[in-house]
Trainee: 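Quick one: the structure is below, questions incoming.
In this text the structure is predicted, and so the values were computed from the model without any measurement. In what follows, chains are A, B, ... by sequence order, proteins preceding strands, each numbered from 1.
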There are 2 protein chains.
Amino acid sequence: MAATGRLERVMPIGALAERTGVKVETIRYYEQVGLLPPPERSEGNQRRYGRRHAERLAFIKHARDLGFAVDAIRTLLRLSDTPGIACDEAHAISVAHLGEVRDKIARLRSLERELERIATTCSGGVAACDCAIIEALADHGQCNHDHH
Amino acid sequence: MAATGRLERVMPIGALAERTGVKVETIRYYEQVGLLPPPERSEGNQRRYGRRHAERLAFIKHARDLGFAVDAIRTLLRLSDTPGIACDEAHAISVAHLGEVRDKIARLRSLERELERIATTCSGGVAACDCAIIEALADHGQCNHDHH
DNA sequence: TCTATGGCTATAGTGACTATAGCTTTATGG
DNA sequence: CCATAAAGCTATAGTCACTATAGCCATAGA
């Protein structure tokens, strides 16, 4: 008895992992650090997940893929559980993160340019070279680039 | 006696740190992991560095600033100690690293675009919003972007 | 000689997982 | 109905490249 609905949506951790693309160990880790609430357990103490967990984990994965820190995600999740005034804070978090991403892009671009310079100075195989790459690394003065 | 030259170039770890912009703790860490050879010690067991160490540390710092992994730097340093055939391998390392940097830039650009979309959908403060940012994170289907 | 500053070692903490060891549970086929 | 293989469990340690702490010792300048 106690009919559980037409479709049994409950699944073990491996199925959730496969469905969301998050590794089993990582799911357990997210539970441990309080991102994912502890699910029900089977008689034999194994985790059993439902649709809600799958959705929450998808949220977490998406945010992590976007580079949000676990701590920021904790806040975003809290906001998503409190639909009222969520917007302002969520907006601030995204904007701050966007700023960080843009910073990182700018820094990587400047590294790209210097690496290009370094890597093309000596194209390898040349006997007379001893070695431009290593010299470039040794002598920062050659580079007009401020790694801050 | 035992004249040490016109100029005493020997310095303690703090001076080396200041000169190179690498923190004291990080210098000791580099020694521990075998990037920087153990220097001479004073009577009282304090590290005393010379020009060679400063140069090697500058090499390490520059390479780290460029995003080379400590392991890659170990190889580059080995190559720079073996001037003969160094070039090919150094070139390969730089080119591989340049590839990684370009990958990272591409991924960050696509994140930038999605974050822009997310952050501008709801500009904050709007009462009717509940909340576009959080919905965007919850529903990956909205995003035409493949985080791989 | 006193003292402020700096240096020493050893150990633990960071973030976000990942891996391992040594068990127990569950699903499936005979 | 039971054996077995696959999957799950906990607890702990390892990863990378540092960073921080505690508690002690050395050095330089007044």
Trainee: Any residue in residues 41-51 of chain B with a heavy atom nearer than 4.0 angstrom to DNA chain C? Just list them by number, or reply none.
Mentor: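 When residues 41-51 of chain B is checked for heavy atoms under 4.0 Å from DNA chain C, the hits, listed by number, are B/Arg41, B/Asn45, B/Gln46, B/Arg47.
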Trainee: Are the side chain of B/Thr20 and the backbone of B/Leu16 linked by a donor-acceptor contact shorter than 3.5 Å?
Mentor: yes
Trainee: Show, in sequence, the C-alpha distance, side-chain angles and deciding distance for A/Arg41 and A/Gln46, and conclude whether the side chain to side chain contact (heavy atoms under 4.5 Å, CB included) test is met.
Mentor: CA-CA 5 Å; A/Arg41 297 288 184 129; A/Gln46 297 194 357; 6.0 Å; no
Trainee: Which residue is it: B/Val70, B/Leu77, B/Leu76? I am looking for the one with a side chain to side chain contact (heavy atoms under 4.5 Å, CB included) to B/Arg74.
Mentor: B/Val70
Trainee: Could you tell me whether B/Arg48 and B/Glu43 make a salt bridge, using a distance below 4.0 angstrom between a side-chain N and a carboxylate O?
Mentor: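 No, no charged N to carboxylate O under 4.0 Å.
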Trainee: Can you find a heavy atom in the side chain of A/Pro37 that is under 4.5 Å from one in the side chain of A/Arg52?
Mentor: no
Trainee: Please give, in whole Å, the distance from D/dT19 P to B/Ile13 CD1?
Mentor: 14 Å
Trainee: Are B/Lys23 and B/Glu18 ion-paired here, with the side-chain N under 4.0 Å from a carboxylate O?
Mentor: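 Not counted as a salt bridge, because no side-chain N and carboxylate O are separated by less than 4.0 Å.
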Trainee: Decide, yes or no, whether a salt bridge links B/Arg47 with B/Glu31 under the criterion of side-chain N to carboxylate O below 4.0 Å.
Mentor: yes
Trainee: Rounded to whole angstroms, how far apart are CZ on A/Phe68 and C1' on C/dC17?
Mentor: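 Interatomic distance, CZ of A/Phe68 to C1' of C/dC17: 20 Å.
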Trainee: What's the verdict on side chain to side chain contact (heavy atoms under 4.5 Å, CB included) for A/Leu35 and A/Tyr29, showing C-alpha distance, side-chain angles and the deciding distance?
Mentor: CA-CA 9 Å; A/Leu35 283 192; A/Tyr29 168 74; over 6 Å; no
Trainee: Tell me which residues in residues 18-36 of chain A put a heavy atom below 4.0 Å from DNA chain D, sorted by number, or none.
Mentor: A/Arg28
